[in-house]
Amino acid sequence: LLYTIKFEQMNMDKTLTDSKVLVKFVNNEGENAGAPLEIPLDTTSSQLQVLVNALLTAEDKYQFHVSEFEVTESLRKTLSQQEDTLNTENVIEIRYEPQAVFRVKAVTRCTSSIPGHGEAVINAAFNNNGTQLASGSGDASVRFWDLTTESPLHVCKAHKQWVLVIAWHPASLYVASACKKGDVCIWEPKSGTLKGKPLSGHKKYISSLAWQPLHCKGPGGATLIASGSKDNTIKIWDVVRGQCTLTLSSHTQGVTSIKWSGDNLIYSASQDRTIKVWRPSDGVLCRTLQGHGHWVNTMALSTDYAVRIGAWDPALQGREQSGDPLTVYTKYKGTGEEFMVSGSDDFTLFLWQPAKSNKPVCRMTGHQQLINQVMFSPNGRKIASASFDKSVKVWDGKSGKFISTLRGHVKAVFQISWSADNKLLVSGSSDSTVKIWCMRTFSLLQDLPGHADEVYTVDWSPCGSRVVSGGKDKVLKLWRA
């Protein structure tokens with residue numbers, strides 16, 4: 001027995017002190033960048049950069065991961081973070097992926113506190129390229145804001161009750177807003193005028209809106225938007241004609257969230273504990289995803305960022321339209337299948353590949369209270385989930401494996417938003433603070449107090465320059481680096 005213990009200790013010491021290790025570089029699709037190489041354990045991320053560029057005969061910048069851990073300093077330090085002792089006699093797989101085309105700086109200061117709304121700010125969102133901002137409030141108005149002067153631009157009134165949801169068209173042609181009464185209003189951002197009449201048809205409040213992705217619209221095709229309501233239905237509207245083209249009804253309880261995917265499918269989550277997959281062209285129910293034990297509150301797609309930016313290419317900053325929407329979508333969605341994550345009142349998340357299977361990839365547990373929002377990083381590699389248990393958790397976007405918990409808020413976390421370069425996360429909480437988190441170290445980077453009450457909404461502009469927050473204190477705050 002003593003001999004066995006000594007032998008195991010020798011093996012462990014050998015693993016930790018070996019100066020070289022056998023590695024192979026693979027991309028996100030699992031394709032090898034060449035034969036396995038023997039490299040020193042003290043190889044840094046910048047040296048790995050040179051090595052991969054030599055193998056690929058390219059001059060790009062990459063991030064490197066071993067399992068879900070990013071190589072930020074040396075390979076030795078990253079391997080020491082692994083739960084199990086890695087045997088250096090095995091080939092270690094290093095995953096490389098292109099970095100974002102630009103770097104986003106963490107916001108550190110509030111540049112404007114803009115009053116105007118008469119009630120709590122429930123929703124605030126930037127347009128597809130971060131040059132325009134709209135907000136919806138309990139005072140039944142939608143407001144547009146001038147980001148050059150950081151002042152009010154248009155006040156839009158047509159709703160009779162609280163504005164619960166706003167959604168920008170992916171080419172910024174329109175803003176849709178939906179209220180507690182069940183009406184959808186379509187606004188023209190440049191003039192702040194209402195397009196046609198409010199779209200009426202839902203019998204109860206609307207919980208979610210989703211525009212048809214720009215690249216899914218055929219030549220001469222209609223401009224469509226979907227709305228999900230507490231009345232158990234999803235309606236698809238032609239906003240130019242001002243008519244409802246389809247009503248999708250199969251849910252037995254209220255619809256809580258809808259997404260229009262890059263594969264031209266509509267996903268709807270409901271209080272009946274199911275998620276349904278619809279074909280919007282003819283309204284056919286493709287499949288039903290089951291697994292949650294309570295209301296499904298929230299959903300996110302790995303292609304959300306690529307759908308949101310429409311035809312604007314972040315690599316060509318300053319241009320509003322950069323060309324073909326399908327080209328931009330294909331460039332930023334990444335390769336491989338579209339993933340979806342759902343969060344529920346049962347404290348769990350499920351990861352799905354809904355376009356091809358009704359079976360979940362995995363069930364993700366760890367939160368102690370209901371999940372309020374989930375969101376994929378722009379590159380689809382990570383998932384963040386905000387919960388009433390005062391924490392934000394980070395998960396692997398492909399496997400669903402738990403990565404880290406971000407603790408710092410002292411009350412429920414309502415909303416989160418990723419920076420465009422995948423390196424930062426902003427969260428808004430009931431504790432009246434906005435916090436910025438570093439996604440390399442999974443630690444608090446900036447604590448941004450300033451709101452006088454609960455923060456209901458946060459959004460990071462797709463261009464990365466600003467963060468907006470709004471809440472119960474009726475004030476909209478803009479944050480910059």
Side-chain angles (χ1 to χ4, degrees), residues 8-106 334 377-384 393-399 401-407 418-419 421-425 436-446:
E8 285 177 356
Q9 283 177 339
M10 284 168 64
N11 273 349
M12 195 176 290
D13 291 343
K14 180 181 182 297
T15 303
L16 295 170
T17 56
D18 270 351
S19 59
K20 291 192 175 182
V21 66
L22 204 59
V23 301
K24 66 174 179 180
F25 293 97
V26 297
N27 62 13
N28 285 335
E29 285 66 60
E31 298 166 349
N32 292 335
L37 302 168
E38 193 175 44
I39 62 172
L41 263 175
D42 292 318
T43 304
T44 63
S45 58
S46 55
Q47 290 169 326
L48 290 174
Q49 182 83 55
V50 174
L51 202 53
V52 168
N53 277 332
L55 288 169
L56 300 173
T57 59
E59 290 187 7
D60 294 326
K61 290 195 171 183
Y62 297 97
Q63 285 178 313
F64 300 95
H65 292 81
V66 179
S67 300
E68 70 273 19
F69 294 96
E70 185 179 351
V71 182
T72 52
E73 295 177 27
S74 71
L75 197 55
R76 185 191 296 274
K77 189 167 182 179
T78 305
L79 295 180
S80 69
Q81 293 177 293
Q82 306 292 321
E83 291 176 5
D84 305 314
T85 306
L86 283 168
N87 190 345
T88 53
E89 291 177 8
N90 296 335
V91 180
I92 292 169
E93 198 173 90
I94 299 177
R95 191 179 74 246
Y96 66 92
E97 58 186 50
Q99 284 191 11
V101 291
F102 58 92
R103 181 168 180 169
V104 176
K105 290 182 180 177
S377 59
N379 63 5
R381 293 300 315 174
K382 292 189 180 81
I383 298 163
K393 289 188 186 291
V394 185
W395 318 78
D396 185 272
K398 302 292 182 188
S399 66
K401 191 174 178 183
F402 170 74
I403 297 176
S404 186
T405 301
L406 311 177
R407 297 192 188 280
W418 287 87
S419 65
D421 65 352
N422 315 290
K423 292 192 172 89
L424 302 166
L425 185 78
I436 308 294
W437 308 88
C438 174
M439 289 294 106
R440 278 174 172 266
T441 58
F442 303 108
S443 59
L444 180 64
L445 203 59
Q446 292 286 341

Kindly write out the residues that satisfy side-chain hydrogen bond (donor to acceptor under 3.5 Å, both in side chains) with Thr405, not counting sequence neighbours, or none if the list is empty. Lys393
The salt bridge (Lys or Arg N to Asp or Glu O under 4.0 Å) partners of Arg440 (sequence neighbours excluded) come to Glu70
All side-chain hydrogen bond (donor to acceptor under 3.5 Å, both in side chains) counterparts of Glu93, not counting sequence neighbours: none
Heavy-atom closest pair, residues Ile436 and Ala106: CG2-CB, 4.2 Å
Please list, chain by chain and in numerical order, all residues satisfying side-chain hydrogen bond (donor to acceptor under 3.5 Å, both in side chains) with Ser45, sequence neighbours excluded. none
With distance as the sole test, does Asn422 use its side chain to make a donor-acceptor pair with the main-chain N or O of Ser377 at under 3.5 Å? no
Would you indicate whether the side-chain heavy atoms of Trp418 and Leu425 approach each other to under 4.5 Å? yes
By side-chain contact (heavy atoms from CB on, under 4.5 Å), Leu444 pairs with (sequence neighbours left out) Lys435, Trp437, Asp447
What pair of heavy atoms forms the shortest contact from Pro36 to Val91, and how long is it? CB-CG1, 4.3 Å
Can you name the nearest heavy-atom pair linking Ser419 to Pro378, along with the distance? O-CG, 3.4 Å
The complete set of salt bridge (Lys or Arg N to Asp or Glu O under 4.0 Å) pairs with one or both residues in residues 39-49, sequence neighbours excluded, reads Asp42-Arg76
d(Ile383 CD1, Lys398 NZ) to nearest 0.5 Å is 9.5 Å
Quick one: CG on Leu445 to NZ on Lys423, what's the gap to the nearest 0.5 Å? 13.0 Å
Salt bridge (Lys or Arg N to Asp or Glu O under 4.0 Å) contacts touching residues 46-55 (sequence neighbours left out): none
Can you list the residues that meet the ring pair (Phe, Tyr, Trp, His ring centres under 6.0 Å) rule with Tyr62, with sequence neighbours excluded? Tyr96
Sequence neighbours excluded, which residues qualify as side-chain contact (heavy atoms from CB on, under 4.5 Å) partners of Leu48? Phe25, Ile39, Thr43, Phe64, Val71, Ile94
Separation between NE2 of His65 and OG1 of Thr78, rounded to the nearest 0.5 Å: 9.5 Å
Looking only at non-hydrogen atoms, find the nearest pair between Met439 and Leu406 and report the distance. CE-CD1, 3.5 Å
Can you give me the closest heavy-atom contact between Val394 and Lys382, atom names plus distance? CG1-CD, 3.9 Å
Side chains of Leu37 and Leu55: does their closest heavy-atom pair fall under 4.5 Å? yes
